[in-house]
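Chain letters run A, B, ... following the sequence lines, proteins first and then strands; every chain starts at 1.
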There are 2 protein chains.
Amino acid sequence: MQLHKRDVIEAATAILDNYGIADLTMRRLARELDVSPGALYWHFTSKQQLLGAVADRILSPVCAESDIGHWSDRISRVGVRLRDALRSHTDGAELVAASFAAGQSQAAAEILVRLTAAVTDAGIETGQAVLAARTVWYYVLGFTVDEQARLQWDAAGASAVPPAADPDRDFAVGLRLLIDGLTVRASYNAPVS
Amino acid sequence: MQLHKRDVIEAATAILDNYGIADLTMRRLARELDVSPGALYWHFTSKQQLLGAVADRILSPVCAESDIGHWSDRISRVGVRLRDALRSHTDGAELVAASFAAGQSQAAAEILVRLTAAVTDAGIETGQAVLAARTVWYYVLGFTVDEQARLQWDAAGASAVPPAADPDRDFAVGLRLLIDGLTVRASYNAPVS
DNA sequence: ACCTGAACACCGTTCAAGT
DNA sequence: ACCTGAACACCGTTCAAGT
């Protein structure tokens, strides 16, 4: 049976979900697929590129989402769906953050474009819109990396920091803070009515 | 000559500055200190703990900073000083982000406390203040990780994404966005005058 | 108390050689 | 075109034994 990119990404996602990012190694992945480690390098030029493909798979439900309505609803929706997508895979936020930093996730770039469009519709000028969109991105990724890290602490039996009572509400607080900030910024650029 | 924690942290910082986080390994560090790798485990229980100590060293100038003035100035100042501290070491942001996620940086926790105090002084209730402080933290770390990652791309000769013309100004935009958001949130809690 | 030496169980990546 | 086998140059961590 021939090895295909899709099979590799699927197997990698399975390891991630079941064992976490620390166990997602090229050798372990090859073993799971019953091939030699070198075989993976026929299909991917590096581990980073492979992880980028996994990141794109994780983010695909966010990209598939419709993008209509008021700008603030669009930002909220992307934020919430993004966090959901990350949380549906063990260490999903960490993997996506790493792939984004390495410039290996096309889907991450696409989500940033959509956030930028929503910010622009709020009435922020283009130059600042990209920066504001990134701020939202950093927030969602940072919050979720943190959230998933705390899960590991609990699993490891570290009861020093108790888990948040209502993480969904906590997440919404920061998101609203950003949207409030955008509303203020936009009002400076608004035409005098 | 006896090996002390301080020497180890100093040597680790030197490797970080000169070669980056990828080269900051326990074995490499031991070689540089002319000891066997096992010797490091007498002074530190794990690599994560050692990196946490390096993170604390990187963040120490931020903790030493005075903390007076209007709440918004205090947040700006911590943000700017934090970014400066991270940027004065190769991969500084990545190292601190990792140590924070692992719960190994005491200095990071202290900075978060200071940010929370500033947010509280803005007139935000305690529960939300911690969340808002974290939002600022995620922003500064996310922005700077990104900024330092782009430096590596340039060094590697990837001219696809041109470097930002004025990163200091770009950084200020996101910071002001957050402060504007805090002002709005605070006004809801403000006593009717 | 502090450190060495050596081992254990791994890594990512490359590449001649096979089919 | 696609993959194997084997190597290269590494990792973090542990622990008996030395001083």
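- Between A:H43 and D:dC3, a side-chain N or O to OP1/OP2 separation shorter than 4.0 Å is present.
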Output side-chain donor-acceptor pairs under 3.5 Å for residues 46-56 of chain B, partner residues at least two apart or in another chain, one line each.
unit_1: B:S46; atom_1: OG; unit_2: B:Q49; atom_2: N; d: 3.2
unit_1: B:K47; atom_1: NZ; unit_2: B:L24; atom_2: O; d: 3.2
unit_1: B:Q49; atom_1: OE1; unit_2: B:T45; atom_2: N; d: 3.2
unit_1: B:Q49; atom_1: NE2; unit_2: B:T45; atom_2: OG1; d: 3.2
unit_1: B:D56; atom_1: OD1; unit_2: B:S105; atom_2: OG; d: 2.9
unit_1: B:D56; atom_1: OD1; unit_2: B:Q106; atom_2: N; d: 3.1
unit_1: B:D56; atom_1: OD1; unit_2: B:A107; atom_2: N; d: 2.9

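- Between the P atom of D:dT4 and the CG atom of A:L33 lies a distance of 10 Å, rounded to the nearest Å.
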Notebook entry, point to check: What string of B, S and - do you get for nucleotides 7-19 of chain C, 5' to 3', when a contact is any protein heavy atom under 4.0 Å?
Noted result: B---BBBBB----
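- Residue B:A164 comes nearest to B:D170 through the heavy atom pair CB-OD2, 3.6 Å, listed as atom of the first residue, atom of the second, then distance.
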Next item on the list: Go through A:N18 and A:T90 one step at a time and tell me if the side-chain contact (heavy atoms from CB on, under 4.5 Å) criterion holds.
Entry: CA-CA 7 Å; A:N18 296 319; A:T90 311; over 6 Å; no
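- Taking the P atoms as reference points, C:dC10 lies 22 Å from D:dA9, given to the whole Å.
- Put simply, the side chain of B:V140 does not reach to within 4.5 Å of the side chain of B:V78, judged on heavy atoms.
- Taking the ring centre of A:F171 as origin, the terminal cationic atom of A:R83 falls inside the region bounded by 6.0 Å and 45° from the ring axis.
- Put simply, the side chain of A:F44 reaches to within 4.5 Å of the side chain of A:I9, judged on heavy atoms.
- With both ends at atom C1', the span from D:dC15 to C:dC2 equals 14 Å, rounded to whole Å.
- Ion pairing between a basic and an acidic side chain is recognised when a charged N comes within 4.0 Å of a carboxylate O; A:D154 and A:R150 show no such pairing.
- Neither OP1 nor OP2 of C:dC3 sits under 4.0 Å from any side-chain N or O of B:W42.
- Straight-line distance from the NZ atom of A:K5 to the C1' atom of D:dA1: 14 Å, rounded to whole Å.
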Next item on the list: Report the secondary structure of DNA chain D in dot-bracket form, marking unpaired bases with a dot and bases paired to a different strand with |, and treating Watson-Crick or G-U pairs with both distances under 3.5 Å as paired.
Entry: ||.|||||...|||||.||
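- Classified by interplanar angle (parallel below 30°, tilted 30° to 60°, perpendicular above 60°), the ring pair A:Y139/B:Y138 is tilted.
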